[in-house]
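This report concerns only the one structure given below.
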Amino acid sequence: MWTTTIARCTLPTMLKRSSVLACHALRAGGRPGWAAAISSSPSLQLTWRQLRGHGTQAPSPLPSNALGDSPGVRQVRALEQERLLEVEWEGSGQSLYPYTWLRDNCQCPLCTLQSAQARSLLLSQLDIHTGVDRVQVTDNNKVSIVWPDQHTSEFDPEWLRKRCFSPAARQALQEELFLNERTYWDSELRIPTANFEEVLHDDKAALAWLLALRRVGIVYLKGAPVEQGQVARLSQRIGYLRLTFYGHTWQVQDKSQANNVAYTSGKLSLHTDYPALHYPPGVQFLHCLSQAGEGGESEAVDGFHMADQLRREDPEAFRTLTSLRVDFTDTGSDYCDFMVQSKNHIIDVDSDGRVVRINYNNATRDSVLDLPLHQVQAFYSSLKAYVQLMMRPENMLTYKMEPGDLVTFDNWRLLHGRKSFQSHPDRMRHLEGAYLDWDEVMSRLRILFKSVHGES
């Protein structure tokens with residue numbers, strides 16, 4: 001069974017405990033909720049507590065009722081001056097909902113296309129200053145609102161509770177939807193591992209794989225057939241491949257007149273793929289078909305971890321790499337001829353300052369540097385500081401793929417590289433690769449979660 005494969009991950013040190021989380025993630029089968037799916041045992045809950053404060057983005061504690069079992073509605077009250085509906089819940093607690101939001105999200109067949117769960121009500125038809133005529137709790141414990149035009153909306157208590165506007169509930173729902181929390185790791189990570197065929201055919205195994213891929217950023221699949229086409233098979237478990245200028249899939253081999261530095265036998269420095277695109281692929285698959293006899297080891301670092309470490313050690317360098325846009329370029333011919341150009345931050349952060357994507361490839365970083373003169377040296381100093389962090393032995397993970405191994409990883413987070421290798425006609429190193437986007441991966445993850453746990 002795939003569970004026994006994962007159970008072999010034994011991590012004796014604190015820094016290795018991030019893999020313990022991944023191991024439990026690949027045994028996921030707990031109670032509803034993304035967090036529950038990877039923390040269904042007491043030992044994993046202990047791991048989360050131990051990881052807090054050790055360079056890991058662990059989930060913050062939330063009130064027990066933030067997204068828990070939905071209680072019934074005790075009473076509702078219209079707050080006319082604030083234009084809010086107050087819902088008091090059975091047991092304890094209350095929630096407030098703006099009138100405008102409630103009218104905008106009426107669930108009746110006139111306002112919502114039920115077959116698509118899509119809004120039919122046009123914004124041009126929405127009175128954003130609406131009041132309410134009357135509110136009540138129905139006999140079947142739904143919240144009923146009659147609007148001034150006598151249109152009636154009814155809301156299920158569980159639907160309302162999940163969309164509560166309190167900070168704790170909003171945070172919990174965003175984590176449910178997007179799995180933003182990450183588990184940081186370093187050179188001592190034991191890569192979480194699952195069986196290729198079981199991931200293809202077992203929903204629990206597939207769900208656990210994608211949960212670990214999201215949380216940890218890298219998962220090994222063992223036992224793939226040693227023939228081309230397996231990355232395409234795996235992609236069908238999710239949806240479809242991301243087509244790029246290098247094709248739906250691509251062959252990483254030592255090639256004459258190579259149109260990419262990956263297609264040589266030389267060392268590849270740590271990089272993310274395709275920052276020359278404004279929307280780089282989110283997930284990468286690499287399947288080993290043949291390995292070099294000497295050299296060719298893979299290297300990887302946790303770019304999010306390194307970015308947060310840079311933020312602590314050199315805040316000015318972090319500010320520079322998150323604020324200055326750098327030019328990337330890629331020109332050649334493969335699936336078709338191409339001449340792409342982009343401007344990206346080396347480190348992308350969201351509005352809350354959370355690191356969300358790394359864009360760095362030294363090979364395709366353009367000689368065009370669209371910066372004022374006084375910022376050039378600061379840029380180089382900042383980038384050098386970030387790269388030097390990655391190159392520290394304690395931060396870099398090294399592993400060597402063997403035929404039949406298929407590694408899946410987060411291309412927005414991991415920087416990966418390769419040691420040089422010797423090419424021999426009778427033993428040519430050959431990996432087949434493919435890309436997917438995070439949107440489709442997360443879509444499949446949610447569908448699998450619903451299939452396994454029966455949750456919407």
Side-chain angles (χ1 to χ4, degrees), residues 32-34 59-60 62-181 349-354 356 439 442-443 446 449-450 455-456:
W34 297 127
S60 301
L62 292 172
S64 59
N65 62 355
L67 276 179
D69 294 335
S70 181
V73 177
R74 174 178 292 168
Q75 65 178 12
V76 293
R77 185 162 62 105
L79 307 179
E80 293 294 344
Q81 184 173 355
E82 298 88 348
R83 297 182 59 252
L84 296 171
L85 179 74
E86 181 184 74
V87 177
E88 184 178 341
W89 303 103
E90 294 284 358
S92 64
Q94 63 183 28
S95 299
L96 299 173
Y97 301 94
Y99 289 172
T100 305
W101 177 83
L102 288 163
R103 182 63 190 90
D104 183 39
N105 290 282
C106 175
Q107 298 294 292
C108 83
L110 293 176
C111 298
T112 300
L113 177 61
Q114 303 296 319
S115 60
Q117 284 299 294
R119 186 181 290 105
S120 300
L121 178 66
L122 303 179
L123 193 63
S124 59
Q125 299 171 330
L126 176 66
D127 179 3
I128 63 172
H129 302 294
T130 187
V132 299
D133 190 21
R134 59 186 180 274
V135 299
Q136 65 178 4
V137 181
T138 67
D139 291 341
N140 59 350
N141 203 242
K142 291 189 176 183
V143 174
S144 174
I145 304 174
V146 178
W147 303 99
D149 62 0
Q150 298 308 295
H151 184 84
T152 299
S153 301
E154 282 193 354
F155 297 96
D156 183 82
E158 183 177 356
W159 188 94
L160 282 173
R161 182 91 179 199
K162 192 169 186 177
R163 290 159 179 80
C164 175
F165 282 84
S166 74
R170 286 167 47 217
Q171 178 186 353
L173 181 55
Q174 290 303 298
E175 181 59 24
E176 291 258 342
L177 293 173
F178 298 107
L179 277 176
N180 289 319
E181 304 295 348
V349 296
D350 64 14
S351 58
D352 296 321
R354 186 200 304 265
V356 295
D439 285 331
M442 289 300 296
S443 169
R446 297 180 191 111
F449 190 90
K450 184 176 179 180
E455 291 296 305
S456 60

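We use all heavy atoms of the structure for the numbers below, so side chains are in, but hydrogens, waters and symmetry mates are not.
- Inter-residue side-chain proximity for W147 and V132 is flagged as met; some heavy-atom pair is nearer than 4.5 Å.
- The shortest distance between side-chain heavy atoms of R103 and H151 falls below 4.5 Å.
- Between W101 and F165, the closest side-chain pair of non-hydrogen atoms falls below 4.5 Å.
- Residues Q107 and D156 form no side-chain contact, since every pair of their non-hydrogen atoms from C-beta on lies 4.5 Å or further apart.
- Listed for the D350 side chain is a donor-acceptor partner under 3.5 Å among the backbone atoms of D352.
- Proximity of V135 to V143: side-chain heavy atoms (C-beta onward) are nowhere separated by under 4.5 Å.
- The distance from the NZ atom of K142 to the CD1 atom of I145 is 13.5 Å, given to the nearest 0.5 Å.
- Between C106 and S153, the shortest heavy-atom contact is SG-OG, 3.0 Å.
- Here the straight-line distance linking atom CG of L102 with atom CG of L160 works out to 7.0 Å at 0.5 Å rounding.
- When side chains are defined from C-beta on, R161 does not count as touching F155, because their heavy atoms never get closer than 4.5 Å.
- Contact of the N141 side chain with the P157 side chain is registered, since non-hydrogen atoms from C-beta on lie closer than 4.5 Å.
- Other residues, nucleotides and ligands contribute at most 12 non-hydrogen atoms within 6.0 Å of the CD1 atom of I128.
- At least one side-chain heavy atom of W159 sits less than 4.5 Å from a side-chain heavy atom of N105.
- Remark: L121 CG to L113 CG distance equals 13.0 Å, nearest 0.5 Å.
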